[in-house]
Amino acid sequence: MKKVLVTGGAGYIGSHTVVELFNHGFIPVIVDNFSNSDERVLQGLEDILGFKPILYRSDCADYQSLKDVFQAETPDAVIHFAAFKAVGESTQQPTRYYRNNIDSLLTVLELMEEFQVRDIVFSSSCTVYGQPDELPVSETSKQKDATSPYGYTKQVCERILMDACVARPELRCVLLRYFNPIGAHPSGLIGELPFGIPNNLVPYIAQTAAGIREKLVIHGNDYQTADGTCIRDYIHVCDLAMAHVRALEWIDLQTCACEAFNLGQGQGNSVKEVIDTFISVNNVPVRFEIGPRRTGDVEQVWADATKAQRVLNWKTEKSLAAALQDTWRWQQHLSK
Ligand code: UFG
């Protein structure tokens, strides 16, 4: 059984990936400094798995503490999630974002070399495309300037990994470019736990339905789309987690690799469609009003995800409706 170091494994996508790794015969080892994760996720993981996963409370930008983990666990592969991810916050605190997101990857790569670990799956984002010229966005679409320091850290980290693969041809690397992850584990025991006021649409809808927020503000309804609201490619977090398993299985068959894959449904939904679907599948009211556009928002973006299907044998299985039902189950679990 392969042991996989999962940095940021107590986070939103990390925790769901830990479950899928277990379900598919891998041994995940979580490394997380809990800077943006919550202890409640650990209980949820234990309830789903039936035991406590291996966990190190370490900062993976801290060379010595991550070295201790490599020494103790001698992993076969790394999935690197650990990073700050709030677009708006990154514009306020660029130094903190560059320091954390780039340092942690560099530390992981240095230790992978020291301990002769060949395989890495990197948590990237469709933000690397900036405002795309063409839709759907494919892996070969031109990458525009990043629209935030967060986005730039993802572009830089991808570049670091590509350069590392040139210098060390034995490395096997997969860059997974997520579109908009939503939803929660169908058990309702783990899900997204935004600290403070959520920035993202679906957690905001869920908290409004639960009465934690008074009303949702739709950021603009004067875009050039059918209903005037922005369009995104929403992907269920469990589908996303499965893609990490497929990526590990795929790189194991390669002699060397550095490949990027888009992970999305391959179709877009508008903000209004997401709200309407949430209301209808969960049969709960959500108060909303129209506000001004949000600075930096792209009008519409969705993925060409055919490469992941062709090469990794992966595609999404779960619908928007299922994701929004799972979100609501998780929100209700939190309110208990
Ligand atoms: N939205 C609202 N009201 C809200 C929150 C969001 O109308 O209260 C709208 C946004 O304006 C946007 C859509 O819902 O049109 C989706 O917004 P999110 O914040 O959920 O997601 P983004 O597409 O802005 O951001 C996501 C990821 C980022 C990543 C980015 C790349 O969360 O990490 O895609 O484009 F960088």
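In listed order, ligands and their atoms are each counted from 1.
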Region of [X] engaging ligand 1 - heavy atom pairs below 4.0 Å:
| X | answer |
| --- | --- |
| Leu201 | both |
| Tyr234 | side chain |
| Tyr150 | side chain |
| Val298 | neither |

Pull out every atom of ligand 1 sitting under 4.0 Å from any heavy atom of [X], numbered as shown with elements.
| X | answer |
| --- | --- |
| Asn199 | 5 (C), 19 (O) |
| Leu216 | 8 (O) |
| Ile218 | 7 (O) |
| Cys230 | 15 (O) |

Can a salt bridge be assigned to the pair Lys3 and Glu73 using a cut-off of 4.0 Å between side-chain N and carboxylate O?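 So Lys3 pairs with Glu73 through a salt bridge.
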Lys315 and Asp239 ion-paired at < 4.0 Å: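 No salt bridge links Lys315 with Asp239.
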For [atom], what's the nearest protein heavy atom and its distance?
| atom | value |
| --- | --- |
| atom 4 (C) of ligand 1 | His219 NE2, 3.4 Å |
| atom 17 (O) of ligand 1 | Arg294 NH2, 3.4 Å |
| atom 28 (C) of ligand 1 | Val87 CG2, 4.0 Å |
| atom 29 (C) of ligand 1 | Ser125 OG, 3.8 Å |
| atom 35 (O) of ligand 1 | Cys126 SG, 3.9 Å |
| atom 22 (P) of ligand 1 | Asn180 ND2, 3.6 Å |
| atom 31 (C) of ligand 1 | Thr127 CB, 3.6 Å |

Do the side-chain N and O atoms of [X] and [Y] include a donor-acceptor pair separated by under 3.5 angstrom?
| X | Y | result |
| --- | --- | --- |
| Asp32 | Ser37 | yes |
| Gln309 | Asn313 | no |
| Asn101 | Thr153 | yes |

Pair [X] and [Y], ring centroids less than 6.0 Å apart:
| X | Y | value |
| --- | --- | --- |
| His244 | Tyr178 | yes |
| Phe261 | Trp250 | yes |
| Tyr56 | Phe70 | no |

Run down the list Val271, Val217, Ile197 and name the one with the heavy atom closest to atom 14 (O) of ligand 1.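 Answer by nearest heavy atom: Val271.
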I want to confirm something. Looking only at heavy atoms, which of Ile205, Val202, Asn200 is nearest to atom 32 (O) of ligand 1?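 Ranked by closest heavy atom to atom 32 (O) of ligand 1, first place is Asn200.
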Within 45° of the ring axis of Phe179 and under 6.0 Å from its six-membered ring centre, is that where the NZ or CZ of Arg232 lies? no
Starting from Phe122, can I reach Leu263 by hopping between I/L/V/M/F/W/Y residues whose side chains sit under 4.5 Å apart?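 Different clusters.
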Please indicate whether any nitrogen or oxygen in Arg232 is less than 3.5 Å from any nitrogen or oxygen in ligand 1. yes
Is there a nitrogen or oxygen of Asp297 sitting under 3.5 Å from a nitrogen or oxygen of ligand 1? yes
Gly11 backbone acceptor or donor facing Ser15 side chain under 3.5 Å: yes
Output yes when a side-chain donor or acceptor of Ser58 lies under 3.5 Å from a complementary backbone atom of Cys60, and no otherwise.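 Side chain of Ser58 to backbone of Cys60: no pair is present.
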